[in-house]
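Computed from heavy atoms alone, side chains included, the values below leave out hydrogens, waters and symmetry copies.
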4 protein chains.
Amino acid sequence: MTVKVGILGATGAVGQRLIQLLEPHDQFEIAALTASETSAGRTYRDAAKWRVNTPIPDSVADLTVSDTTPDDVPDDVDLLFSSLPSSVGAAVEEGFAQAGYIVSSNSSNWRMAADVPLIIPEVNADHLGLLEVQQDNRGWDGAIVKNPNCSTITFTPTLAALADFGLERVHVATLQAVSGAGYDGVTSMEIIDNAIPHIGGEEEKLETESRRLLGEFDGAEVSLHDVEVSASCNRIPTLDGHLENVWVETADELTPEAAATAMTEYPGLDLPLSPDPFIHVFEDDERPQPRLDRDLGDGMSVSVGGLAESTFGLQYNCLAHNTIRGAAGASVLNGELLLDKDYL
Amino acid sequence: MTVKVGILGATGAVGQRLIQLLEPHDQFEIAALTASETSAGRTYRDAAKWRVNTPIPDSVADLTVSDTTPDDVPDDVDLLFSSLPSSVGAAVEEGFAQAGYIVSSNSSNWRMAADVPLIIPEVNADHLGLLEVQQDNRGWDGAIVKNPNCSTITFTPTLAALADFGLERVHVATLQAVSGAGYDGVTSMEIIDNAIPHIGGEEEKLETESRRLLGEFDGAEVSLHDVEVSASCNRIPTLDGHLENVWVETADELTPEAAATAMTEYPGLDLPLSPDPFIHVFEDDERPQPRLDRDLGDGMSVSVGGLAESTFGLQYNCLAHNTIRGAAGASVLNGELLLDKDYL
Amino acid sequence: MTVKVGILGATGAVGQRLIQLLEPHDQFEIAALTASETSAGRTYRDAAKWRVNTPIPDSVADLTVSDTTPDDVPDDVDLLFSSLPSSVGAAVEEGFAQAGYIVSSNSSNWRMAADVPLIIPEVNADHLGLLEVQQDNRGWDGAIVKNPNCSTITFTPTLAALADFGLERVHVATLQAVSGAGYDGVTSMEIIDNAIPHIGGEEEKLETESRRLLGEFDGAEVSLHDVEVSASCNRIPTLDGHLENVWVETADELTPEAAATAMTEYPGLDLPLSPDPFIHVFEDDERPQPRLDRDLGDGMSVSVGGLAESTFGLQYNCLAHNTIRGAAGASVLNGELLLDKDYL
Amino acid sequence: MTVKVGILGATGAVGQRLIQLLEPHDQFEIAALTASETSAGRTYRDAAKWRVNTPIPDSVADLTVSDTTPDDVPDDVDLLFSSLPSSVGAAVEEGFAQAGYIVSSNSSNWRMAADVPLIIPEVNADHLGLLEVQQDNRGWDGAIVKNPNCSTITFTPTLAALADFGLERVHVATLQAVSGAGYDGVTSMEIIDNAIPHIGGEEEKLETESRRLLGEFDGAEVSLHDVEVSASCNRIPTLDGHLENVWVETADELTPEAAATAMTEYPGLDLPLSPDPFIHVFEDDERPQPRLDRDLGDGMSVSVGGLAESTFGLQYNCLAHNTIRGAAGASVLNGELLLDKDYL
């Protein structure tokens with residue numbers, strides 16, 4: 001028995017990654033692909049400019065693209081993955097949720113809304129309890145679940161692994177791949193032999209989403225974790241994989257060895273896309289590196305290296321594949337969690 | 001009247017940048033070029049694989065390369081610029097200083113030695129007073145002056161400009177260009193579509209050299225500044241220009257506006273290579289960028305952008321051209337300072 | 001006495017290069033900058049996203065941008081440089097020519113029109129005689145002069161230098177920089193760690209424009225040269241500088257030495273932007289290289305290397321800076337020629 | 001039943017690719033890894049700097065590296081894969097062949113030797129008959145089989161598919177990835193924002209090896225095919241995948257459609273690594289592209305696009321993964337052929 005799923009915004013960069021992950025998936029079956037009006041009615045092969053480095057699956061290529069409205073999506077679809085631009089995401093997702101669909105969304109709207117669960121399954125699966133609050137509040141039959149921003153997903157699991165030491169202050173500097181801005185987001189003239197500091201709005205996402213993910217759910221609401229976080233984000237000439245430099249100050253003493261143990265032993269989940277181990281710790285200080293390590297765990301692992309005592313607490317580097325663990329894979333994993341927890 | 005100068009290690013990457021800067025220089029005249037034994041006796045055109053993007057100057061191309069020993073360097077040369085590998089720098093520079101030469105060195109040996117001035121002219125020209133201490137200690141007729149590591153030079157001037165606010169804690173993450181590792185230092189297979197965290201030994205240089213540069217000279221020795229610094233260094237696929245993310249916590253309140261004013265007004269010097277302004281502050285948060293801004297002030301400016309209130313104190317980004325302001329230009333500027341202060 | 005000039009499409013990538021070249025120009029004075037309606041009325045500083053690596057000149061930054069119509073351009077402007085998209089170039093340029101302006105255009109429309117001179121000043125300045133034909137035909141007070149496509153400009157001068165040997169067959173493969181597609185023309189996701197074969201329409205431009213440039217003007221029309229040309233174009237991850245591999249078969253015997261002599265001695269012109277020598281021949285087979293050699297002659301030289309006897313005739317490589325010699329500089333040089341020949 | 005195999009030069013870039021291909025191979029079992037004296041006696045994990053983007057296989061990591069001499073390789077190893085530098089390849093391979101080993105070699109020495117089969121299995125498997133000649137000539141119990149240079153392998157299969165049309169003249173321009181020069185072969189300072197024309201010795205390999213591969217074996221020797229080939233080689237900033245522009249003139253008429261059919265229908269082989277189809281023809285003129293298409297057929301396919309009528313005959317572009325189809329995979333495929341033909 002498989003669950004029929006649809007993809008909202010299926011022709012974009014994250015949409016294509018979703019197809020790569022969902023087409024061979026044992027639990028899910030792609031039954032609907034939606035895009036903008038100009039694409040609706042055409043086959044997916046015709047509507048999408050396929051850009052990932054595996055061939056377009058035949059079963060998907062011949063599907064007819066629907067318009068992005070509930071009327072155009074078959075009723076037997078139970079779960080929708082959404083990778084819409086945030087400017088249109090809010091209205092569209094609300095429409096689908098009202099119409100009874102469950103939406104696992106990568107879009108940035110509503111990530112901090114009080115009644116919308118923002119989830120990394122290995123970190124805060126219990127926040128999914130917010131769905132009842134959400135349905136009560138909004139009177140929806142359906143529901144919306146969010147995954148965080150790609151750069152938030154990279155470092156937050158490492159903080160979760162260290163939470164028992166009493167997280168107090170975190171500094172994080174990111175070296176982000178161009179795919180994080182979408183296929184057309186960064187021109188070659190902007191980034192070859194260059195780097196761009198400051199990514200508008202991104203710093204704030206790391207600073208707030210991480211505290212939300214680490215917060216406690218009391219059955220009614222999620223509190224923000226007390227840890228203070230400051231982020232500085234940079235775009236560099238790398239295709240995939242966000243690398244981050246992290247400094248953590250904790251209430252309790254935290255040695256690099258204790259941190260390595262806590263991260264290595266931090267439990268993963270028994271879901272199809274959840275990697276084992278969830279967090280991979282390198283002994284080599286020059287790892288992780290984006291091109292060498294982004295595909296660990298089929299792109300779903302978080303990797304860590306350079307654990308060291310810093311002038312201020314602990315310092316280390318971490319990495320995740322931004323369009324798999326940080327976007328498409330994050331949404332699919334949330335879908336797997338929803339299925340596992342009987343929300344579908 | 002020009003001063004005759006020589007270049008130790010003239011065929012390397014920094015050596016070639018030194019020639020670019022010294023050949024058109026009004027105060028200096030290149031009179032000696034030294035290299036390893038295999039190059040000695042050949043013309044410079046023949047011995048060096050010229051790799052910078054301006055043609056090799058004719059006056060230099062026909063010079064005969066000397067062996068790197070005092071015996072092979074003419075006596076009327078008053079100043080030597082050294083860009084030797086640190087493994088050989090210590091012994092070679094000592095030999096030249098004993099033989100009476102003044103050496104302005106970019107090599108990393110002895111930068112933290114108690115009696116060796118480590119100088120950024122606009123920041124701590126008064127530390128040059130250590131030269132008397134050095135000559136007394138070591139019984140040399142000559143002397144050795146150092147410039148800091150390229151990544152230290154990038155952010156230390158910005159700290160100097162903020163020193164009146166009471167520097168307490170600094171976090172700095174670097175995005176360093178490949179030229180910082182020398183012409184052959186980073187292979188293309190290592191860095192295309194990639195980034196490398198942790199640069200062995202580099203973090204410590206930023207953390208200690210910056211405190212030395214900001215320290216006070218009491219006529220006998222230089223104390224380290226009290227500020228605590230933690231660095232995390234990364235190599236990225238950029239040719240020239242180190243970009244750095246900085247967080248500063250100060251004893252006194254420090255607004256982004258006050259920081260911008262302090263940096264913009266931080267005085268430069270009236271030396272040929274010293275740029276005006278010394279520190280350029282961008283209003284655009286997405287600047288400075290390595291390719292667009294490394295050539296400001298002919299590669300001698302430090303530029304700053306993204307000044308903002310952070311979760312912890314102030315945060316901003318800064319940039320300098322690592323092989324000009326951070327290496328060859330730093331050594332030449334120290335030479336200009338030595339001339340200006342009558343040490344030649 | 002300077003000639004007042006204007007730039008049509010001043011905010012684009014070639015427009016910015018035109019400003020870089022014209023602002024310090026001794027013969028020309030920038031008196032008008034035009035752009036689309038949304039930019040008109042704003043200062044240039046405000047309207048343009050300045051992206052080249054020298055600061056925006058103050059004298060230009062404060063100019064008010066005009067709409068791209070003859071009514072908005074002052075009458076005392078004598079010469080307009082045009083870098084409009086070809087889709088709008090034809091209508092706009094015709095309007096200005098009718099209104100009496102001389103237009104030196106880089107746009108691709110009309111390059112092969114029978115009465116429009118297509119000019120590389122060092123190669124076929126005599127084709128300028130077509131202007132009388134053009135004005136007779138079209139009843140214009142003004143006129144339009146074109147420069148060729150950037151990849152045509154790179155190899156055609158080398159063919160011109162070899163014309164006396166009886167050009168018969170030419171194969172050319174290009175390795176073109178991303179700037180040739182405009183600032184937004186190639187995304188980073190398309191080109192990092194990649195290359196793109198076939199550039200739509202580009203091959204044909206090399207094959208026809210080169211024969212036009214090498215053709216004879218008999219006072220009434222320009223005939224195409226008999227040489228047969230086949231091109232294969234590629235985009236590579238390089239910022240500026242088109243590198244081309246060329247094979248030439250000639251009626252007369254042509255040794256690499258004879259070719260080197262013919263190219264080196266091929267005469268330049270005594271115009272401000274015309275470099276000396278026009279064609280630089282490297283002895284090193286691994287030159288020219290885009291990053292090292294594109295700035296030769298301030299970006300106006302054509303450079304050649306790897307001259308060798310091939311299985312079929314002669315083979316060699318050539319290079320020119322595509323946005324200077326191949327676009328903005330080409331238009332300005334045509335403007336200098338127009339002034340020199342008393343067309344202004 | 002598996003064949004025990006060894007890898008000569010196992011720590012290098014091609015050696016690591018060989019391990020990637022051989023470790024999961026059903027027919028071969030890695031039983032010996034050799035390297036230079038400094039590595040001998042250490043575990044492979046310790047001796048090699050593992051740089052490919054899959055983890056080092058555990059079964060290989062713990063093997064002890066042997067010295068590269070027959071005495072140090074177990075007698076039950078039947079087949080050796082060699083990726084030695086050509087400077088040492090000749091002597092070492094001769095030693096192993098004398099000692100009775102079959103060597104499938106990627107090294108460039110002896111590729112054109114009259115009694116050494118140079119093989120692309122899908123193209124000229126019958127040339128393997130030269131092995132009897134070789135053993136007779138040299139008195140060896142073992143034997144040496146070669147695969148061609150990576151850039152030869154890319155375009156020769158496409159010529160083989162067109163051979164029935166009467167190949168006469170071929171021009172080929174290559175855009176080669178940096179990995180073709182080995183891990184340390186191209187520094188980042190050489191190639192970022194750049195391209196390097198002319199690769200010493202490479203042009204000649206394409207011109208001669210292709211004619212050898214297309215030649216006929218008469219039971220005693222291989223004649224060179226009559227086709228004339230001229231090559232021009234370039235290095236570009238791409239990690240893997242050689243892209244080549246080809247022009248072919250044939251005795252018989254050859255339309256793009258006929259060429260597409262001939263290439264698509266050109267038969268592959270039923271060996272484990274031989275892809276199906278062997279040659280993939282794209283309809284999209286902007287394909288193949290290195291990053292998107294190098295992994296077709298697990299890196300063993302040759303792909304073609306841009307088939308068009310040229311000024312001179314036919315023109316098209318082709319691509320192959322240079323370190324898989326062009327090096328490690330080529331050697332392994334030759335090993336599979338040797339096994340299939342009962343030479344092991």
Side-chain angles (χ1 to χ4, degrees), chain A residues 169-178 189-200 203 207 228-247 249 282 284-294 305-306 308-313 315-319, chain B residues 169-178 189-200 203 207 228-247 249 282 284-294 305-306 308-313 315-319:
Chain A
R169 290 163 53 111
V170 173
H171 290 71
V172 56
T174 70
L175 290 80
Q176 299 186 215
V178 293
M189 290 290 289
E190 283 174 317
I191 203 69
I192 291 178
D193 181 21
N194 205 14
I196 305 173
H198 186 67
I199 302 176
E203 282 86 359
E207 294 169 357
E228 293 180 291
V229 180
S230 180
S232 186
C233 296
N234 305 277
R235 189 77 64 193
I236 65 166
T238 300
L239 287 163
D240 288 309
H242 289 352
L243 175 65
E244 304 187 1
N245 299 160
V246 185
W247 289 263
E249 295 171 65
F282 284 98
D284 182 346
D285 285 343
E286 297 193 359
R287 303 292 279 272
Q289 294 178 18
R291 197 183 75 236
L292 298 184
D293 302 316
R294 61 194 174 206
E309 207 176 321
S310 142
T311 310
F312 316 113
Q315 96 188 85
Y316 59 89
N317 305 305
C318 57
L319 174 86
Chain B
R169 289 162 53 112
V170 173
H171 290 71
V172 56
T174 70
L175 291 80
Q176 298 185 217
V178 294
M189 290 291 288
E190 284 173 316
I191 204 69
I192 291 178
D193 181 22
N194 205 14
I196 306 173
H198 186 69
I199 303 176
E203 282 86 358
E207 293 169 357
E228 292 180 291
V229 180
S230 181
S232 185
C233 296
N234 305 277
R235 189 77 64 193
I236 64 166
T238 299
L239 287 163
D240 289 309
H242 289 352
L243 174 66
E244 304 187 1
N245 299 160
V246 185
W247 289 264
E249 296 171 62
F282 283 98
D284 182 347
D285 285 343
E286 296 194 0
R287 304 291 279 271
Q289 294 178 18
R291 197 183 76 236
L292 297 185
D293 301 315
R294 62 195 174 205
E309 207 176 321
S310 142
T311 310
F312 316 113
Q315 100 187 79
Y316 58 90
N317 305 304
C318 57
L319 174 87

Inset, instruction - Select one option (side chain, backbone, both, neither) describing which atoms of B:I196 are under 4.5 Å from chain A's heavy atoms. - result: both
Legend entry - Contacting moiety of A:Q289, where chain B heavy atoms sit under 4.5 Å: both
Inset, instruction - Write down the atom of A:A173, the atom of B:A173, and the distance for their closest heavy-atom approach. - result: CB-CB, 3.5 Å
Inset, instruction - Tell me yes or no: between the side chains of A:S232 and B:W247, is some donor less than 3.5 Å from an acceptor? - result: no
Legend entry - Engaged part of B:R287 at the chain A interface, taking heavy atoms whose separation is under 4.5 Å: backbone
Legend entry - Closest non-hydrogen atom pair, A:R291 against B:M189: NH2-O, 2.6 Å
Legend entry - Side chain A:R169, main chain B:F312, donor-acceptor under 3.5 Å: no
Inset, instruction - Just give me the residue among A:N317, A:I191, A:I236, A:L239 that pairs up with chain B most often, heavy atom to heavy atom, under 4.5 Å. - result: A:L239
Legend entry - Heavy-atom pair of closest approach, residues A:A195 and B:L175: CB-CD2, 4.4 Å
Legend entry - Which atoms of A:E190 approach chain B - backbone, side chain, both or neither, heavy atom under 4.5 Å: backbone
Legend entry - Under 4.5 Å from any heavy atom of chain A - which part of B:N234: side chain
Legend entry - Max heavy-atom pair count under 4.5 Å with chain A, selected residue of B:E207, B:R294, B:R235: B:R294
Inset, instruction - Pick whichever of A:G200, A:A177, A:S230 has the most heavy-atom pairs under 4.5 Å with chain B. - result: A:S230
Inset, instruction - For B:E228 and A:T311, work out which heavy atoms get closest and say how close. - result: CB-CG2, 3.8 Å
Inset, instruction - Could you check which of A:H171, A:E286, A:H198 has the highest count of heavy-atom pairs closer than 4.5 Å to chain B? - result: A:H171
Legend entry - Heavy-atom contact with chain B under 4.5 Å, split by part of A:V229: backbone
Inset, instruction - Measure from the side-chain N and O atoms of A:D193 to the backbone N and O of B:T238, and report whether any donor-acceptor pair falls under 3.5 Å. - result: no
Legend entry - Part of A:A231 within contact of chain B (heavy atom distance under 4.5 Å): backbone
